[in-house]
> 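Following this message is one structure expressed as structure tokens.
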Amino acid sequence: MSRGPGHVQRTIAAAYDAEPNRRFTTRQLAALAYPGVEIGKPQTDAVLRAIPSISPALTFCRVGAKGRFGWHHVWGRA
């Protein structure tokens with residue numbers, strides 16, 4: 001039985017609800033989910049695991065400079 005969305009999922013969903021046209025990098029989403037924590041691989045991995053369960057409308061793509069990747073909103077959170 002699921003207990004509902006976790007802290008990371010709720011934080012990511014709130015970020016996209018607040019700014020639906022913004023493109024976030026994985027590290028930016030991790031910084032929102034873990035304020036005051038040095039962002040490393042465990043935090044970014046948690047974000048990468050949480051994103052597919054939030055919405056199929058989130059797509060991984062190149063954002064910003066060469067070699068930097070992030071998630072962006074395709075057509076709206078389902």
Side-chain angles (χ1 to χ4, degrees):
M1 178 183 287
S2 175
R3 292 183 281 171
H7 166 73
V8 176
Q9 293 169 321
R10 289 190 310 269
T11 302
I12 294 169
Y16 280 107
D17 286 340
E19 299 180 70
N21 294 323
R22 180 171 173 191
R23 295 181 178 197
F24 293 93
T25 65
T26 305
R27 291 185 68 80
Q28 289 170 333
L29 292 172
L32 292 173
Y34 299 99
V37 175
E38 185 176 340
I39 303 303
K41 186 163 174 37
Q43 290 78 24
T44 57
D45 285 350
V47 168
L48 291 173
R49 283 191 308 271
I51 287 176
S53 65
I54 294 170
S55 172
L58 295 175
T59 302
F60 190 66
C61 71
R62 184 179 304 261
V63 176
K66 180 180 178 184
R68 296 186 63 198
F69 294 89
W71 293 90
H72 79 101
H73 226 4
V74 176
W75 65 84
R77 264 189 349 102

> Please report the interatomic distance CG(Leu29) to CZ(Arg27), rounded to the nearest 0.5 Å.
12.0 Å
> Between Leu32, Val47, Ile12, which is the residue that forms a side chain to side chain contact (heavy atoms under 4.5 Å, CB included) with Phe24?
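The single option meeting the side chain to side chain contact (heavy atoms under 4.5 Å, CB included) with Phe24 is Leu32.
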> Tell me the closest heavy-atom pair linking Ala50 and Gln9, and the distance in Å.
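The pair with the smallest heavy-atom distance is CB-CG, 3.7 Å.
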> Does Val8 reach the side chain of Tyr34, with side-chain heavy atoms less than 4.5 Å apart?
yes
> For the CD atom of Gln28 and the CD1 atom of Ile39, what is their distance to the nearest 0.5 Å?
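Spacing of CD (Gln28) from CD1 (Ile39) equals 11.0 Å.
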